Amino acid sequence: MDRVVIGSKTVEGVGNASIERDNAQCLVAYEALLDAFRRCESHAAPYLNVTAIFFHDLMRILTGYILLWNELQGPYAPPADMLPPALTSFPYTSYRDLLDGIALDRKDFRVAMDRHGIRWKLSEYKRTMLSTGDMIRAGHLFRGAKRIWVKGPGVCPKLLSRGFTAAGLWADYRTLTRIPIPDRDAQLNELQMCVLKLWDMLELPGDPRTPAELVRQHVFARSSDGLPGPFRYDVVLSGTLLALEYRFMAALARYHQVPVVSVSHGDGIESAHDEPVFGYGERTYPNVFIGYGEAGRHVPDNAQYRRPLYDAPRYVCSDSNFIRAQHTGAPIKTLGNLEGKTFMYVPSQFYGQQRYGPFHVWADQAYFRWQEALFEAFPNLILKRHPKERCHPALASRNTGRVLTGWLENCLDQADVFVFDIISGASCIAMATDKPVVYFHIGLRNFTEHGAAAIRERCVWVDVDPAHPSGLREQLEARAHEPKTNAFVRAFCLRGDYESAQLREETVLDEVSSVIRKMPRATTLERRS
């Protein structure tokens, strides 16, 4: 495994120049935004820093531009007849923009109103909040006089059974689509200067004033100038804070000194990654972060990229309900003789022109060529497509045995061996079984030292340069008898008190109840009236 130097940093590489260049340049964009965050702090009220609030959007816009440009200039450019239509909405930049120039007058900076927009979400929440009885998507609950804003953890029945009362849907459309930002123009100027400097540092093509203005218009459409008014809630309980509308809610809560409890999504693995998104995204705004497993308590203080922008939240470990039920503690089966075994390949998605970085996904054409080599080495490999896959018809590998869709947990009995090239929530589900798991490391993710060691203990790990894969089957056969253990699942997916199971919903409820008990008797609204 190569260690690639990026400025003062080092990351694990696989000897592929294209991947390493992409990651290196995306990390330059990340560092530039960190500098913009620090500069904006002199203009910002507490937690209302424009760079902090929009950090993930900014990473998607800027690194997306970088990755698409590198792709078009390199060996993995998509064929001209496969270019998708130009993007008009977020993240705005497409292949055609880079080939023909970005026309700002053709971009739609309004908040989405379609099926995936806020307005649709609110109408969907209204339909599902109490009618289904098993979900509360966005609304508020009362415990005594304490108001809790809830989004997405799926704990409605437990909340109601503990004496909470649902009081209807909170649907303040404006709060979820526009956030007040003090001294907004000064903060936007700092952000635009960041974009200009980034274009100069990386020698990117085109007039840098165009992407700088694109960034400004995106933020301008989703913000207003000034300080926020009163806040209606005493606690905010949310899922991932990468979603911008819920990041708005968390930022406003923190400004008003209202606690935020955030619940990690998936079934584990978050603590195994050393990547910027898990710092600026998941851990910047919560007071309490409910993750999976004990490993999250011990994320190294010197992790290179898992840095929240403000103080780190208090970490609470919880169980994955599915993995707790699935994991028996049985010894891991040795891979052994490959002949006669059914292999299932569980890949990432093809992202087209929606890529961003670093350490996220590779160019579609490059990923497709790697998959062709994999299917050549393992004919009749079952392909378990990503549930959200929107694959171009031409990107369909030959030698595919069967194609399965849906969720992995519903087809665990279909294979003897699971094959991954990206470690995500799905791989946690496979690792919870006693079946062999193969991990071809092609450079898609970056791990903490603890995370990489635990994955190596559980999986048959094979380093591969995906642009020049060779001897895949032979490398696997050479390691087929390595003994494996399942320390990974206990560390990254389950609570430390292994024999004392607790449903994830109960862990969430315990934390919310604890936060409420520590509050003064007066509600937030009364304290500020």
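Since this is a predicted model, take the numbers as computed values, not measurements.
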Are [X] and [Y] packed together at the side-chain level, in the sense that at least one heavy-atom pair is separated by less than 4.5 angstrom?
X      : Y      : value
Ile179 : Pro228 : no
Thr240 : Ser264 : no
Phe231 : Met249 : yes
Val288 : Pro313 : no
Arg106 : Thr88  : no
Pro182 : His43  : no
Arg369 : Pro466 : no
His218 : Phe90  : yes

For the residue pair [X] and [Y], is the inter-centroid distance of their aromatic rings smaller than 6.0 Å?
X     : Y      : result
Phe54 : Phe37  : no
His56 : Tyr356 : yes
Tyr92 : Phe109 : yes
Tyr65 : Trp199 : yes

Under 3.5 Å, is there a donor on one side chain and an acceptor on the other for [X] and [Y]?
X      : Y      : result
Arg184 : Ser223 : yes
Arg504 : Tyr292 : yes
Thr210 : Asp207 : no
Gln187 : Thr51  : no

Between [atom1] of [X] and [atom2] of [Y], what distance do you get to the nearest 0.5 Å?
X      : Y      : atom1 : atom2 : value
Leu237 : Ile290 : CG    : CD1   : 7.0 Å
Ile455 : Ile423 : CD1   : CD1   : 4.5 Å
Arg209 : Leu214 : CZ    : CG    : 15.0 Å
Ile53  : Leu252 : CD1   : CG    : 7.5 Å
Leu494 : Arg490 : CG    : CZ    : 8.0 Å
Arg110 : Arg222 : CZ    : CZ    : 10.5 Å

Residues, nucleotides or ligands: over 12 heavy atoms within 6.0 Å of [X] [atom1]:
X      : atom1 : answer
Arg38  : CZ    : yes
Arg297 : CZ    : yes
Asp100 : CG    : yes

Cationic tip of Arg216 within the cone over Phe220's six-membered ring, i.e. under 6.0 Å and within 45° of the normal?
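Yes, Arg216 sits over the ring of Phe220.
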
Contact summary for [X] and [Y], nearest pair of heavy atoms:
X      : Y      : answer
Thr284 : Leu309 : OG1-N, 3.0 Å
Tyr255 : Ala45  : CE1-CB, 3.8 Å
Tyr315 : Gly291 : OH-C, 3.4 Å
Pro286 : Ser262 : CG-CB, 3.5 Å
Leu202 : Val28  : CD2-CG1, 3.9 Å
Ile323 : Ala432 : CG2-CB, 3.7 Å

Parallel, tilted or perpendicular for [X] and [Y], by the 30°/60° rule?
X      : Y      : answer
Tyr439 : Phe447 : perpendicular
His450 : Phe492 : tilted
Tyr285 : Tyr47  : tilted
Trp149 : Tyr246 : tilted

CA sep, side-chain torsions, deciding dist, call: Phe418, Val438, side chain to side chain contact (heavy atoms under 4.5 Å, CB included):
CA-CA 6 Å; Phe418 299 102; Val438 175; over 6 Å; no

The test is side chain to side chain contact (heavy atoms under 4.5 Å, CB included); show your working for Leu58 and Val195 and say whether it passes.
CA-CA 10 Å; Leu58 298 169; Val195 178; over 6 Å; no

So if I apply the side chain to side chain contact (heavy atoms under 4.5 Å, CB included) rule between Val464 and each of Asp421, Leu472, Leu374, which one comes out positive?
Leu472

Can you spot which of Asn23, Leu27, Asp274 makes a side chain to side chain contact (heavy atoms under 4.5 Å, CB included) with Asn446?
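Considering Asn23, Leu27, Asp274, a side chain to side chain contact (heavy atoms under 4.5 Å, CB included) with Asn446 is found only for Asp274.
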
Arg307/Glu31 salt bridge by N-O under 4.0 Å criterion
yes

Are Asp97 and Lys107 ion-paired here, with the side-chain N under 4.0 Å from a carboxylate O?
yes

Derivation and outcome, salt bridge (Lys or Arg N to Asp or Glu O under 4.0 Å), residues Arg178 and Glu245
CA-CA 8 Å; Arg178 292 174 67 88; Glu245 57 269 27; over 6 Å; no

Go through it in stages, so that I can follow the logic: the residues are Glu213 and Gln192, the test is side chain to side chain contact (heavy atoms under 4.5 Å, CB included), and I'd like the CA-CA distance, side-chain angles, deciding distance and then a yes or no.
CA-CA 7 Å; Glu213 177 61 18; Gln192 288 184 285; 3.7 Å; yes

Could you go through the salt bridge (Lys or Arg N to Asp or Glu O under 4.0 Å) check for Arg306 and Glu275 one step at a time?
CA-CA 6 Å; Arg306 294 178 55 89; Glu275 300 175 11; over 6 Å; no

In sequence, state the C-alpha distance, the side-chain angles, and the governing distance for Glu270 and Arg283, and then conclude on salt bridge (Lys or Arg N to Asp or Glu O under 4.0 Å).
CA-CA 11 Å; Glu270 183 264 348; Arg283 298 194 177 203; 3.2 Å; yes

Could you walk me through whether His273 and Phe359 pass the ring-ring contact (aromatic ring centres under 6.0 Å, His included) test, one step at a time?
CA-CA 10 Å; His273 289 114; Phe359 314 119; 9.6 Å; no

Just one of Tyr345, Trp461, Phe420, Trp370 clears the ring-ring contact (aromatic ring centres under 6.0 Å, His included) bar with Phe440, so which one?
Trp370

For Glu71, run the side-chain hydrogen bond (donor to acceptor under 3.5 Å, both in side chains) check against Gln353, Arg355, Gln365 and tell me which one passes.
Arg355

Where do Val361 and Gln349 land on the side chain to side chain contact (heavy atoms under 4.5 Å, CB included) test, with the steps shown first?
CA-CA 8 Å; Val361 290; Gln349 301 181 61; over 6 Å; no

Carefully, step by step, assess Arg39 and Glu41 under the rule salt bridge (Lys or Arg N to Asp or Glu O under 4.0 Å).
CA-CA 5 Å; Arg39 291 178 178 276; Glu41 278 292 89; over 6 Å; no

